[in-house]
**Student:** 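Dropping a structure here in structure tokens format, bear with me for questions.
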2 protein chains.
Amino acid sequence: MNYSISEENYIKAIYRLQSTREPVSTNALAVELDTKPASITDMLKRLKVKKLVIYYPYQGCRLSAEGTRLALGIVRRHRLWEYFLAEKLKFNWNEVHDIAEELEHVSNGQLIERLDAFLGFPRFDPHGDPIPDSSGKIATPSQVKLTTLGAHTKAKVSGLADQSQDMLNLLQQRNITIGTIVEINKKFGFDHSLEIKIPGNPPFIMSEQAAQNILVHHELEA
Amino acid sequence: MNYSISEENYIKAIYRLQSTREPVSTNALAVELDTKPASITDMLKRLKVKKLVIYYPYQGCRLSAEGTRLALGIVRRHRLWEYFLAEKLKFNWNEVHDIAEELEHVSNGQLIERLDAFLGFPRFDPHGDPIPDSSGKIATPSQVKLTTLGAHTKAKVSGLADQSQDMLNLLQQRNITIGTIVEINKKFGFDHSLEIKIPGNPPFIMSEQAAQNILVHHELEA
DNA sequence: AATATTTTTTAGATTTGCCTAAAAATAAAA
DNA sequence: TTTTATTTTTAGGCAAATCTAAAAAATATT
Ligand SMILES: [Mn+2]
Ligand SMILES: [Mn+2]
Ligand SMILES: [Mn+2]
Ligand SMILES: [Mn+2]
């Protein structure tokens, strides 16, 4: 019923990787957790004994029902702390992740429920990712890539697919942040680049590559 | 520059015990940390290598300058989190300790400074203990035992020497909590018991033993 | 001072979580 | 279908943090 910080980090990593490829390979986990594949195999055997993962040698792994339940709890804690750090302590939305990576392991049921109430039961973290509720229910992220929108539509930036420093710099350059309303003026068929307008700034061109990394809330479409 | 959770807990325990008896004995530490004396000896050798403690076999230990600096940082984090838990998350002052025991190990300098600012730079934790500032300065606790006050004096309850469940029950019974203004009506020489009055309640008798565990702020004296 | 008791340390194990190097299994290419 | 390359596992080791049992040192008692 009580897991180590390492175990929790493994479970969360599997949860994340699982959403794009299942089963999750040993090597993918090694990259994600910045450890050696041999260490992954080691831990997967332990997690299997504890019935948190389904794992057969050479076949990769996936979370069991119990593992999924645990993962959602960790994700909940992570995202609630991120919200707290951004909203109450005024951290920048790109600084909150590393701190939440530690806070997420402080597991006191009461603590998280009260934090949730104190924050006013937020539904999304500062990156636009949904926060699971106390029973583990999680909203399907109503986010779509900016490239999927048609010309002459508006949407609110709610997240990033790739949060590399390069990407963050590009956004800073363009005055785009979480919550910014972006409007697509034109789409260029040749290289699929977009002409984008944001309030208070002149229009500018963005490459398809960059636009694919920007996630927006679909609802706002004009 | 970066210490494990165990190391931090040892340093904090030495800091606490040091305030009453120095040097700190191996057995005292074993009791405080709920481990075996052999484990203490082991860890003291490691902490000595890291120059956090002064330790010679059979002679007990004390904190080095660096160890003291570290201890004050941990105490600062612990007490700021306790304040947060009580003030913002509405935890009872006797529930905050265990949670802060975990949160204190999340060591991100920025985090603690911003938390401090968010809380309005509190000077005392919910138990009335002083919170070290960011440079490690700590106020001498202006607390005295209730027994040291003379008859016909008033004072504000600010802490407890012993926080056992029995003690907490006794206080609950008498409607005494942190912040309560207590007035000493009489002192009985025979058994050193006290007649005490608190606003809105009839006077009652308290044993010397109990009164010694109640810490008050001296300033309020009538 | 000699003996008994308590405190502390050493010796030897165990668990967790990681590593490197080598072997084995699987997948891809020739 | 061999051969080659990649992925994954095994084997063996190491450091941290704990334990038990036994030895040694320090204290207390007779
Ligand atoms: Mn983490
Ligand atoms: Mn996030
Ligand atoms: Mn602690
Ligand atoms: Mn306290």
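Throughout, protein chains are lettered first and strands after them, A, B, ... in sequence-line order, and every chain is numbered starting at 1. As the structure is a prediction and not an experimental result, all values here were calculated from the model.
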**Student:** What is the distance, to the nearest angstrom, from the OH atom on A/Tyr56 to the P atom on D/dT9?
**Tutor:**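 Rounding to the nearest Å, OH of A/Tyr56 and P of D/dT9 are 14 Å apart.
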**Student:** Between D/dT7 atom C1' and A/Arg21 atom CZ, what is the distance in whole Å?
**Tutor:**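 Going from CZ in A/Arg21 over to C1' in D/dT7 covers 15 Å.
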**Student:** I'd like to check the salt bridge (Lys or Arg N to Asp or Glu O under 4.0 Å) partners of B/Asp116; sequence neighbours left out, ordered by chain and number.
**Tutor:**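 Salt bridge (Lys or Arg N to Asp or Glu O under 4.0 Å) list for B/Asp116, sorted by chain: B/Arg76.
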**Student:** Using whole Å, report how far CD1 of A/Ile40 lies from C1' of D/dT9.
**Tutor:**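 Taking CD1 of A/Ile40 and C1' of D/dT9, I get 13 Å after rounding.
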**Student:** Quick check on the 6.0 Å ring-centre criterion: do A/His78 and A/Tyr83 meet it?
**Tutor:**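 Aromatic pair excluded; centres sit 6.0 Å or further apart.
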**Student:** Would you mind classifying the nucleic acid contact of A/Tyr3 as base, sugar-phosphate or nothing, using non-hydrogen atoms under 4.0 angstrom?
**Tutor:**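 If one applies the 4.0 Å heavy-atom cut-off, A/Tyr3 turns out to touch nothing in the nucleic acid.
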**Student:** Quick one: side-chain hydrogen bond (donor to acceptor under 3.5 Å, both in side chains) partners of A/Asn2, sequence neighbours excluded?
**Tutor:**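 Partners of A/Asn2 under the side-chain hydrogen bond (donor to acceptor under 3.5 Å, both in side chains) test: none.
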**Student:** Give a yes/no on whether any side-chain N or O of B/Asn27 is located under 4.0 angstrom from OP1 or OP2 of C/dT6.
**Tutor:**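 No, because none of the side-chain N or O atoms of B/Asn27 sits under 4.0 Å from OP1 or OP2 of C/dT6.
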**Student:** Assess whether a salt bridge exists between B/Arg79 and B/Glu104, defined as any Lys/Arg side-chain N lying under 4.0 Å from an Asp/Glu carboxylate O.
**Tutor:**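 Between B/Glu104 and B/Arg79 there is no salt bridge, as every charged N stays at least 4.0 Å from the carboxylate O atoms.
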**Student:** For D/dT9 and A/Thr26 - does any side-chain N or O of the residue sit under 4.0 Å from the phosphate oxygens OP1/OP2?
**Tutor:**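 Yes, because at least one side-chain N or O of A/Thr26 sits under 4.0 Å from OP1 or OP2 of D/dT9.
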**Student:** Rounded to whole Å, please give me the gap between CG in B/Leu44 and P in C/dT8.
**Tutor:**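 The distance from CG of B/Leu44 to P of C/dT8 comes to 10 Å, rounded to the nearest Å.
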**Student:** Are B/Lys88 and B/Phe118 in a cation-pi setup, meaning NZ or CZ lies under 6.0 angstrom from the ring centre and within 45 degrees of the ring axis?
**Tutor:**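 Judged by the rule (NZ or CZ under 6.0 Å from the ring centre, within 45° of its axis), B/Lys88 counts as positioned above B/Phe118.
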**Student:** Please encode protein proximity along nucleotides 12-28 of chain D as a string of B, S and -, counting only heavy-atom distances under 4.0 Å.
**Tutor:** -----BBBB----SS--
**Student:** Is the shortest side-chain N/O distance from B/Tyr55 to OP1 or OP2 of C/dT9 below 4.0 Å?
**Tutor:**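 Affirmative; the distance criterion is met.
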**Student:** Which heavy-atom pair separates A/Ala211 from A/Leu146 by the least distance, and what is that distance?
**Tutor:**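 In this case the closest contact between A/Ala211 and A/Leu146 is O-CB, 3.3 Å.
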